[in-house]
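All residue numbers in this chain count up from 1 along the given sequence.
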Amino acid sequence: MDLRSVDLNLLVAFDMLMTERSVTRAAQRLSIGQSAMSSTLGRLRKLFGDPIMTREGRTLVATPLAESLAEPVRELLTDIENVLALRNEFDPATAEHTFSIVANDYLTMTFLQPLIARLSVEAPGIRLRIFPTGDDFAERLRRHRADLLVMPQEALDERLEFHHSTLFHDRFVVAADKDHPDIGDEITLEQFSTLPYLAASSGNRRSLSEMQLDFLGVPRNIEITAGFGMAPFLLRGTRLITLVHERLALRVRDAAEIRLFEPPVPRLQPITEIMAWTNRTDAVPAHRWLRAALMGLATEYDNSTPAASTNATTDKGSHHQQ
């Protein structure tokens with residue numbers, strides 16, 4: 001095929017069709033009329049010699065050929081975008097760009113929220129799409145369905161194949177209702193093992209705190225399992241206790257009406273939060289700007305950690321870059 005006869009805009013339309021699986025929504029995303037999008041679908045069918053999309057009832061279903069082309073086309077478009085981006089310096093004050101970040105609720109609330117607030121003032125054309133951490137987070141980054149992973153180093157076994165930098169450290173504290181009837185100034189290991197316990201989860205995965213407790217052989221009286229982002233808010237008016245990230249606990253302590261305690265568990269290790277990206281985006285100015293912004297935010301974050309309550313001391317940790 002003579003590439004001079006191919007309109008690359010057709011590949012953009014194909015990518016949008018495969019993303020939206022709808023002619024109407026694809027047309028809206030591309031800011032064109034539905035009739036123009038239908039005409040484009042006809043041109044795609046002629047280009048590939050394949051129906052691309054077929055109707056089953058009220059639903060458009062991609063053909064096997066279209067499914068096999070989806071990822072190569074997305075990678076090709078990403079390569080083109082990155083090549084063009086290398087030609088220009090990135091000015092966040094005037095740039096129009098969308099970044100896709102995979103991060104859990106805890107990181108979004110405690111770490112990314114200040115970045116979101118700054119963007120509205122310093123980079124109004126920059127948009128963030130933040131996706132929850134799922135079981136396929138590494139594959140999403142590998143296939144360039146996400147620009148950046150922000151997550152615990154301990155949960156990313158594949159980190160050595162990606163570029164990555166340490167952002168900050170955090171540790172776990174015990175949280176309980178501020179009027180918990182059974183706990184005084186500190187919580188004992190016996191109380192930790194026998195009081196009703198809320199086990200935190202991360203999607204379909206056990207949280208790192210629960211994995212550590214299991215590894216250390218620490219028994220718990222588990223009565224509730226819930227996402228760790230909401231865990232502190234489920235303690236009010238109960239005898240439940242839970243382990244929670246200290247930075248999150250300090251942020252929501254007043255709203256959740258909880259007290260924090262030093263964990264009575266020996267050898268409970270802190271976590272290290274990192275960001276990871278691929279070689280493909282390593283030198284792209286826009287991506288370098290985003291990573292620099294997060295590194296700067298992480299430095300401020302470490303230096304401004306609020307003091308914990310008298311029930312739990314704060315271990316600020318240190319900031320390193322890998």
Side-chain angles (χ1 to χ4, degrees), residues 12 15-16 19-20 25 28-31 74 77-78 80-134 137 140-141 143-153 156 162-170 227-230 245 247-248 250-252 255 272-278 280-306 319 321-322:
V12 176
D15 181 57
M16 194 59 66
T19 299
E20 296 296 335
R25 291 195 298 272
Q28 293 171 344
R29 292 280 302 276
L30 293 172
S31 300
R74 173 90 293 273
L77 292 176
T78 300
I80 293 173
E81 291 170 355
N82 290 342
V83 168
L84 295 176
L86 287 172
R87 297 174 53 193
N88 303 307
E89 291 298 323
F90 183 78
D91 182 1
T94 59
E96 297 280 340
H97 198 93
T98 299
F99 293 105
S100 297
I101 301 175
V102 173
N104 59 36
D105 290 344
Y106 150 67
L107 285 164
T108 300
M109 286 190 291
T110 63
F111 182 63
L112 294 181
Q113 193 280 328
L115 175 67
I116 295 171
R118 290 185 183 184
L119 290 181
S120 62
V121 177
E122 300 175 8
I126 303 300
R127 295 168 294 278
L128 298 181
R129 299 175 65 194
I130 303 174
F131 298 96
T133 306
F137 56 83
R140 291 173 67 181
L141 181 63
R143 292 183 176 275
H144 309 286
R145 293 174 181 167
D147 298 311
L148 201 66
L149 297 182
V150 181
M151 63 185 307
Q153 172 180 291
L156 184 58
F162 300 129
H163 295 278
H164 59 284
S165 291
T166 297
L167 291 168
F168 63 91
H169 306 278
D170 203 356
F228 55 75
M230 69 173 68
H245 300 85
R247 293 176 188 269
L248 174 62
L250 291 172
R251 174 165 290 218
V252 305
T272 301
E273 301 291 352
I274 67 171
M275 60 178 171
W277 64 98
T278 66
R280 181 174 300 203
T281 59
D282 185 56
V284 177
H287 292 259
R288 294 178 66 180
W289 170 83
L290 176 64
R291 297 195 301 268
L294 290 177
M295 290 299 294
L297 192 63
T299 299
E300 296 178 20
Y301 200 49
D302 263 347
N303 292 337
S304 62
T305 301
H319 174 75
Q321 181 173 354
Q322 294 181 349

Margin query: With a 4.5 Å cut-off on side-chain heavy atoms, are Thr166 and Ile274 touching?
Written below: yes
Q. For atom CZ of Arg288, is the number of surrounding heavy atoms from other residues, nucleotides or ligands below 6.0 Å larger than 12?
A. no
When every non-hydrogen atom of Ala276 is compared with those of Leu156, the smallest separation belongs to CB-CD2, 3.9 Å
Scanning both residues in full, the closest heavy-atom pair of Leu248 with Thr110 reads CA-CG2, 3.7 Å
Review point. Is there side-chain contact between Leu148 and Leu294, with at least one heavy-atom pair below 4.5 Å?
Key: yes
What one should report as the nearest heavy-atom pair of Asp147 and Thr281 is O-OG1, 4.4 Å
Closest heavy-atom pair, Leu149 versus Phe137, reported as atoms and distance to 0.1 Å, is CD2-O, 3.7 Å
Counting C-beta onward and ignoring hydrogens, is there a side-chain heavy-atom pair between His97 and Leu290 closer than 4.5 Å?
no
Rounded to the nearest 0.5 Å, the CD1 atom of Ile116 sits from the OG1 atom of Thr108 at a distance of 7.0 Å
Mind checking whether Met275 and Met295 have side chains closer than 4.5 Å, heavy atoms only? yes
Quiz item: Any idea how Tyr106 and Phe228 line up, ring-wise: parallel (<30°), tilted (30 to 60°), or perpendicular (>60°)?
Solution: perpendicular
On a heavy-atom basis, the closest approach of Ala293 and Leu115 is CB-CD1, 4.4 Å
Separation between CD1 (Ile126) and OG1 (Thr94), nearest 0.5 Å, reads 8.5 Å
Rounding to 0.5 Å, atoms OG (Ser100) and CZ (Arg127) come to a distance of 11.0 Å
Checklist entry - Under 3.5 Å, side chain of Arg291 to main-chain N/O of Asp282, donor-acceptor pair present? => result yes
| query | How far apart are the C-alpha atoms of Leu107 and Phe168, what are their side-chain angles, what is the distance that settles it, and do they pass the side chain to side chain contact (heavy atoms under 4.5 Å, CB included) test? | reply | CA-CA 11 Å; Leu107 285 164; Phe168 63 91; 3.7 Å; yes
| Passes side chain to side chain contact (heavy atoms under 4.5 Å, CB included), Met109 versus Val252? Steps please. | CA-CA 10 Å; Met109 286 190 291; Val252 305; 5.5 Å; no
Quiz item: Do Phe99 and His287 make the cut of ring centroids closer than 6.0 angstrom?
Solution: yes
task: Taking the side chain as every heavy atom from C-beta outward, state whether Arg25 and Met16 have any pair of such atoms under 4.5 Å apart.
output: no
task: Flag the pair Phe131 / Arg145 as yes when at least one side-chain heavy-atom distance between them is below 4.5 Å, and no otherwise.
output: no
Subject >> Arg280 side-chain N/O to His144 backbone N/O, donor-acceptor pair under 3.5 Å >> reply: no
* Distance-only, no hydrogens or angles: does the Arg247 side chain make a donor-acceptor pair with backbone N or O of His169 under 3.5 Å? -> yes
In terms of heavy-atom contacts, Val150 and Phe111 come closest through CG1-CD2, 4.4 Å
